[in-house]
Amino acid sequence: MTLTRRQLLILLPAAAVAWESLLAGTPEASPNYTMTEHWWSMLIDIPKCIGCGNCVRACQAENDVPDGFFRTWVERYHVDDWHLANPEVISPDGGKEGFPVAKEDEGKYFFVPKLCNHCADSPCTQVCPVGATFIGPDGVVLVDPKYCLGCAYCVQACPYGCRYIHPQKKVADKCTLCYHRITKGLTTACCEACPTGARQLADLKNPNDPIHAFLKTHSVQVLKPQMATGAKVFYNELDGSVR
Amino acid sequence: MRIFRDTGHLFRLAGLFAVGTLSFFVIRAFLVPRSFGEYGHYRGAAISEIAAHPIRFAGHQTCETCHTDVAQTKNAGKHAQVNCEACHGPLAKHADDPSIDPGKPDTAVLCVRCHAASAAKPKGVPQVDADQHANGLPCQTCHQPHNPAIAAGGAK
């Protein structure tokens with residue numbers, strides 16, 4: 001078969017289009033999930049947290065978090081008369097195996113579960129030099145492990161200390177808000193394992209989500225609001241001593 | 001009229017520059033992933049790669065499709081709000097293949113995680129000093145974990 005110049009010129013763009021669609025790959029895995037219809041957040045009800053560490057263990061099991069590193073952890077605060085501005089904070093092994101028994105004492109105790117705040121204006125994504133960490137169209141801050149250089153700029157930039165460099169993969173790692181679960185209609189592993197309902201996954205774009213009523217009727221705060229990060233993890237009855 | 005003499009080398013330089021520019025764009029097209037910039041300054045395909053992570057916690061809805069009797073017992077008692085895998089641990093493998101034995105959790109470890117007395121816990125949570133309270137007996141002698149009220153009886 002011989003090709004005329006005219007035929008070749010017609011065939012070349014067609015071949016280019018075919019090659020393009022081949023490179024583009026397969027579309028995303030969750031067909032019933034539309035990213036732009038969600039804006040994920042979490043609600044943490046501090047008076048409900050009993051410091052059992054279920055969330056920390058669940059997160060570790062669900063996401064293969066290496067020992068000694070945490071995507072979520074629990075802190076116990078003890079604020080007494082003398083330490084209003086300087087509370088005693090403990091988090092033995094991230095609170096994974098619970099906390100030592102506290103004796104009846106002056107002042108107040110409470111637990112503060114922490115995780116990535118999935119900030120709408122997150123400092124960590126702004127400093128990434130290669131575009132390896134980003135805020136997805138559904139408001140979840142994610143890390144692309146194939147693109148991450150492991151420079152740790154984001155680890156330093158996060159005001160909440162929610163990121164770490166994975167000891168084996170040598171890339172930044174953090175809470176994905178169980179992205180593999182929430183895109184399939186499940187709740188996060190920590191919310192699933194929480195025995196008291198102290199943690200609730202919430203979708204701010206869903207008008208039927210109970211978070212809207214909760215935010216209207218409770219004293220809710222985010223961590224470090226002065227940093228204007230647009231944090232989306234809301235804490236009910238957060239004490240002023242929490243940093 | 002010619003402005004310069006020997007303009008040939010200028011054209012060679014321009015040609016070299018054009019080839020360099022072209023090769024930059026060609027190499028760039030190969031090195032930058034296809035989905036980069038799909039949603040923003042990042043690789044769009046990363047989103048579905050992260051979403052492809054395997055699930056370990058099946059979720060209580062999955063458990064309840066088979067274990068309806070246990071769900072009923074649990075929902076009648078104080079542990080109604082506690083999800084199955086809060087105590088039983090991640091069991092997606094068991095949900096996929098019921099022949100995999102999930103094993104029974106050890107109440108000696110499990111119950112005190114939530115119910116060991118501590119001044120740090122919210123006052124509304126039932127708390128006991130396990131050593132004094134049970135005299136070494138396992139919790140399920142008197143309390144059935146799925147419905148822990150004494151009236152509901154111990155586990156068989």
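In what follows, every chain begins at residue 1, and chains take the letters A, B, ... in the order their sequences are listed.
Listed options A:Lys108, A:Lys103, A:Glu97, A:Arg57 were ranked by heavy-atom pairs under 4.5 angstrom with chain B; first place goes to A:Arg57. If you tally non-hydrogen atom pairs under 4.5 Å between each of B:Gln61, B:Arg113, B:His88, B:Glu49 and chain A, the highest count goes to B:Arg113.
Summarising the geometry, atom CD1 belonging to B:Ile50 is positioned 4.0 Å from atom CG belonging to A:Leu142; distances are rounded to the nearest 0.5 Å. In this structure, OG1 in B:Thr62 is found 6.5 Å from CG in A:Leu186, a value given to the nearest 0.5 Å. Note that the CD1 atom of A:Ile135 and the OH atom of B:Tyr39 stand 16.0 Å from one another [nearest 0.5 Å]. Note that OG1 of A:Thr187 and CG of B:Asn83 are 8.5 Å apart. Values are rounded to the nearest 0.5 Å.
No part of B:Glu38 comes within reach of chain A, as not one of its non-hydrogen atoms sits under 4.5 angstrom from that chain. Of the atoms belonging to A:Ile46, not a single heavy atom falls under 4.5 Å from chain B. Looking at A:Val140, there are no atoms closer than 4.5 Å to chain B (heavy atoms on both sides), in backbone or side chain. Proximity to chain B (any heavy atom under 4.5 Å) is shown, for A:Cys128, by neither the backbone nor the side chain. Heavy atoms of A:Cys190 lying under 4.5 Å from chain B are absent altogether. Only the backbone of B:Ala117 comes within less than 4.5 Å of a heavy atom of chain A; no side-chain atom from C-beta onward does. B:Ala45 does not touch chain A: none of its heavy atoms, backbone or side chain, sits under 4.5 Å away. Contact of A:Pro137 with chain B is made through backbone and side chain together, with heavy-atom distances under 4.5 Å.
A:Arg76 and B:Ala120 get closest at one heavy-atom pair: CD-CB, 3.6 Å. Contact detail for B:His53 and A:Asn63: the closest heavy-atom pair is NE2-CA, 3.9 Å. Taking each heavy atom of A:Glu62 and B:Phe57 in turn, the nearest pair found is OE1-N, 2.9 Å. For B:Ser118 against A:Pro100, the heavy-atom pair with the smallest separation is OG-O, 4.2 Å. Here the closest heavy-atom approach between residue B:Pro33 and residue A:Tyr147 is recorded as CD-OH, 3.1 Å. Here the shortest heavy-atom pairing between B:Ala86 and A:Ala193 reads CB-O, 3.2 Å.
By the 4.5 Å heavy-atom criterion applied to side chains, B:Arg56 and A:Gln60 are not counted as neighbours. Two residues are said to be in side-chain contact when any heavy atoms from C-beta on lie closer than 4.5 Å; A:Tyr109 and B:Lys121 fail this criterion. The shortest distance between side-chain heavy atoms of A:Pro47 and B:Pro122 does not fall below 4.5 Å. Side-chain atoms of B:His115 and A:Ile50, non-hydrogen and from C-beta on, never get closer than 4.5 Å to each other. Put simply, the side chain of A:His180 reaches to within 4.5 Å of the side chain of B:Ile55, judged on heavy atoms.
Legend: residues meeting salt bridge (charged side-chain N to carboxylate O under 4.0 Å, His left out) with A:Lys170, ordered by chain and number and at least two apart, are absent. For B:Val32, the side-chain contact (heavy atoms from CB on, under 4.5 Å) test picks out B:Arg28, B:Phe36, with sequence neighbours left out.
Between B:Tyr42 and A:Phe134, the angle of the ring planes stays under 30°, which puts this pair in the parallel group of the 30/60° scheme.
For the pair B:Glu85 (side chain) and A:Glu192 (backbone), a donor-acceptor distance under 3.5 Å is absent. Although no hydrogens or angles enter the test, the distance criterion places a donor-acceptor pair under 3.5 Å between the side chain of A:Lys184 and the main chain of B:Ala51.
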Worksheet item: How far apart are the C-alpha atoms of B:Gln81 and A:Lys48, what are their side-chain angles, what is the distance that settles it, and do they pass the side-chain contact (heavy atoms from CB on, under 4.5 Å) test?
Response: CA-CA 12 Å; B:Gln81 299 303 314; A:Lys48 280 188 180 173; over 6 Å; no

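Around NZ of B:Lys78, the count of heavy atoms belonging to other residues, nucleotides or ligands within 6.0 Å does not exceed 12.
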